Amino acid sequence: MEASQLYEKLKSIKLGGSTQRFVMEMCEERLPVINRIEALKKEKNAIVLAHNYVSPYIFYGAADHTGDSYGLAKVAQKSDAEIIVFSAVRFMAETAKLVNPTKTVLDPNFNGGCSLADGITGEDVRRLRKEYPDHTFVCYINTTAEVKAHCDVCVTSSNVNSILERIENDKIYFLPDKLMGQNAINFLRNKGVEKQIEVFNGTCYVHEEYRPESIDLVRQNFPNAEILAHPECKPGVADKADYVGSTTGMLDRVRESDKSDFFLLTECGLTDVLQSEFPDKRFVGTCTQCQYMKSNSLEDIAQVLENPRPDQIVELDPEILKNASHCVNQMFHYAQATPGGK
Ligand code: 13P
Ligand code: SF4
């Protein structure tokens with residue numbers, strides 16, 4: 001890669017406000033590590049998958065595939081590379097191992113937590129299953145493999161509503177995101193689908209901070225702006241948004257929209273991508289950073305490819321792997337059965 005190619009991708013991204021931009025020197029400085037990653041990927045038959053929230057240097061300089069958690073899980077499932085480096089957070093790297101267990105999956109992020117995945121254990125689910133023996137247990141993909149191993153079906157932000165609707169049982173326990181669960185209950189109720197859905201008490205610390213009042217303010221100041229929210233936001237926020245969907249869903253929506261102003265209620269990384277992809281569109285308002293996603297670096301990707309530490313190699317207990325893989329495969333089964341499913 002040339003520094004000028006990287007600069008072309010980064011030049012429209014606003015850094016921490018409207019006045020700061022990436023400059024050519026910054027791209028030149030990052031080039032040696034980007035080229036080292038490129039050479040290591042070839043030498044080791046490796047690919048790098050990066051979530052929509054990671055730094056633009058990784059997104060445009062190192063990733064072979066980018067996307068939301070569902071899209072990246074599909075890429076990991078189909079990959080014939082020997083090594084999959086997952087630049088995101090730990091539960092996504094674990095999911096890659098679940099869908100393609102014979103591959104080596106490497107997690108370069110030293111701080112790859114997630115307030116949702118860290119808020120519930122396998123033991124919690126075991127206890128809840130005793131309390132709700134007639135319920136189908138549905139987990140958000142933002143959970144550890146151990147938690148998935150105790151659940152029946154996994155969902156992501158791109159298919160939660162359609163899968164909850166299709167599950168044959170009317171009694172469902174949804175975990176761990178209570179806000180996503182409440183949004184799904186409201187969505188189904190508006191469609192006339194009444195199910196008995198219990199929800200766990202987890203939240204995403206980034207998305208739970210958004211308030212409905214900020215949408216009112218944006219509507220006053222930017223009456224033509226289209227407002228997009230992630231389903232991890234509060235129901236009061238989701239109800240007022242024009243579109244609610246996954247990170248890739250929001251990206252597609254901006255691509256297809258004829259509006260020129262947008263307000264996004266999600267992590268800043270997606271706004272960076274949108275500013276790069278759609279330099280003629282305007283993204284109003286501020287965004288919030290996820291400390292876990294932002295702990296990814298080019299240096300750690302190079303290091304993990306060169307010589308991974310044991311804690312960076314995703315290994316799962318065989319029983320957990322078997323049961324959690326089944327849970328994720330059930331998601332693919334229901335998603336494929338959905339009309340227009342991906
Ligand atoms: P997506 O699957 O929509 O990319 O969401 C993942 C996530 O962690 C959102 O906070
Ligand atoms: Fe987890 Fe929230 Fe970060 Fe997504 S943004 S990885 S849900 S803490």
Side-chain angles (χ1 to χ4, degrees), residues 49-55 58-59 63 65-77 86-96 99 107-120 138-144 147-148 154-163 174-181 183-184 199-210 228-234 237-238 241 243-254 264-274 286-296 328 331-332 335 341-342:
L49 310 188
H51 186 262
N52 289 327
Y53 289 162
V54 301
S55 124
I58 299 173
F59 193 95
H65 301 275
T66 56
D68 63 10
S69 43
Y70 185 79
L72 293 175
K74 291 286 275 186
V75 172
Q77 186 190 37
F86 216 121
S87 180
V89 287
R90 189 70 176 199
F91 76 79
M92 292 193 196
E94 281 189 354
T95 305
V99 297
D107 174 9
N109 189 351
F110 68 95
N111 183 32
C114 164
S115 66
L116 283 167
D118 297 343
I120 184 164
V138 179
C139 59
Y140 187 26
I141 198 165
N142 295 34
T143 44
T144 61
V147 164
K148 289 184 179 80
C154 176
V155 298
T156 75
S157 53
S158 68
N159 55 34
V160 50
N161 295 336
S162 57
I163 292 184
F174 180 74
L175 60 90
D177 190 341
K178 77 168 176 208
L179 302 179
M180 179 177 279
N183 285 324
V199 291
F200 193 72
N201 199 20
T203 53
C204 161
Y205 87 104
V206 174
H207 290 89
E208 73 172 338
E209 288 304 314
Y210 298 121
L228 296 85
H230 197 274
E232 291 167 10
C233 293
K234 293 186 175 95
V237 169
Y243 174 84
V244 180
S246 78
T247 54
T248 295
M250 288 189 255
L251 200 149
D252 292 342
R253 175 77 177 210
V254 171
L264 277 110
L265 295 122
T266 194
E267 211 270 347
C268 302
L270 187 67
T271 311
D272 294 343
V273 174
L274 291 169
T286 54
C287 55
T288 322
Q289 289 201 347
C290 169
Q291 58 151 321
Y292 307 111
M293 288 286 187
K294 291 300 185 257
S295 297
N296 284 281
V328 177
M331 168 175 78
F332 293 132
K342 296 187 235 174

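In this chain, residues are counted from 1 in sequence order. The model shown is predicted, which means the values in this text are computed figures rather than measured ones. In each ligand, atom 1 is the first atom listed, and ligand 1 is the first ligand listed. These numbers come from the heavy atoms of this one structure, side chains and all, not from hydrogens, waters or symmetry mates.
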Student: Near N142, which atoms of ligand 2 are under 4.0 Å from a heavy atom of that residue?
Tutor: 7 (S)

Student: Is N142 close to ligand 1, meaning an N/O of one under 3.5 Å from an N/O of the other?
Tutor: yes

Student: Of the protein's non-hydrogen atoms, which lies at the shortest distance from atom 2 (Fe) of ligand 2, and what is that distance?
Tutor: C204 SG, 2.3 Å

Student: Do L264 and M250 have side-chain heavy atoms sitting under 4.5 Å apart?
Tutor: yes

Student: In the protein, which heavy atom is nearest to atom 1 (Fe) of ligand 2, and how far is it?
Tutor: C114 SG, 2.4 Å

Student: Over all heavy atoms of both residues, which pair between E208 and T203 is shortest? Give the atoms and the distance, please.
Tutor: OE1-OG1, 3.1 Å

Student: Quick one, T95 and K148 - any side-chain contact, counting heavy atoms below 4.5 Å?
Tutor: yes

Student: Would you check if the side chain of N159 reaches a backbone N or O of A335 as a donor-acceptor pair within less than 3.5 Å?
Tutor: no

Student: Before signing off on this row, confirm whether D68 and ligand 1 have an N or O atom pair separated by under 3.5 Å.
Tutor: no

Student: Which of these, D68, L251, N52, V160, sits in a side-chain contact (heavy atoms from CB on, under 4.5 Å) with S246?
Tutor: D68

Student: Using distance alone, decide if ligand 1 has a nitrogen or oxygen within less than 3.5 Å of any nitrogen or oxygen in H230.
Tutor: yes

Student: Distance under 4.0 Å to a non-hydrogen atom of Y205: what atoms of ligand 2 satisfy this?
Tutor: 8 (S)

Student: S157 versus ligand 1: do any nitrogen or oxygen atoms come within less than 3.5 Å of each other?
Tutor: yes

Student: Identify the heavy atoms of P231 and N183 that sit nearest to each other, and give their distance.
Tutor: O-ND2, 2.9 Å

Student: In the protein, what heavy atom is nearest to atom 10 (O) of ligand 1, and what distance, to one decimal place, separates them?
Tutor: E232 OE1, 2.9 Å

Student: Heavy atom under 4.0 Å from ligand 2: found in C290's side chain, backbone, both, or neither?
Tutor: side chain

Student: Hey, are T266 and Y53 close enough side-chain-wise for a donor-acceptor pair under 3.5 Å?
Tutor: yes

Student: Hey, which atoms in ligand 1 end up nearer than 4.0 Å to a heavy atom of H207?
Tutor: 10 (O)

Student: Evaluate side chain to side chain contact (heavy atoms under 4.5 Å, CB included) for D272 paired with F59, printing each intermediate quantity in order.
Tutor: CA-CA 10 Å; D272 294 343; F59 193 95; over 6 Å; no

Student: Tell me the closest heavy-atom pair linking E267 and Y210, and the distance in Å.
Tutor: N-OH, 4.2 Å

Student: Run the contact test for E232 against ligand 2 with a 4.0 Å cut-off on heavy atoms, strictly below, and give the result.
Tutor: yes

Student: Between C114 and C204, does the disulfide bond (SG atoms under 2.5 Å apart) criterion hold? Intermediate values first, please.
Tutor: CA-CA 8 Å; C114 164; C204 161; over 6 Å; no

Student: So which protein heavy atom does atom 8 (S) of ligand 2 come closest to, and at what separation?
Tutor: S115 N, 3.5 Å

Student: Heavy-atom contacts with S246 under 4.0 Å: which atoms of ligand 1 show up? List them by number with element.
Tutor: 3 (O)

Student: Check each atom of ligand 1 against the heavy atoms of S69 and keep those under 4.0 Å away; list them by number with element.
Tutor: 1 (P), 2 (O), 4 (O)

Student: Looking only at protein heavy atoms, identify the closest one to atom 6 (C) of ligand 1 and say how far it is in Å.
Tutor: H51 NE2, 3.7 Å

Student: Please check whether T156 reaches ligand 1 - meaning an N/O of the residue sits under 3.5 Å from an N/O of the ligand, judged on distance alone.
Tutor: no

Student: Which of the numbered atoms in ligand 2 are under 4.0 angstrom from any heavy atom belonging to L116?
Tutor: 7 (S)

Student: Is there a side-chain contact between S157 and Y70 in this structure, where contact means two heavy atoms from C-beta onward sitting under 4.5 Å apart?
Tutor: no

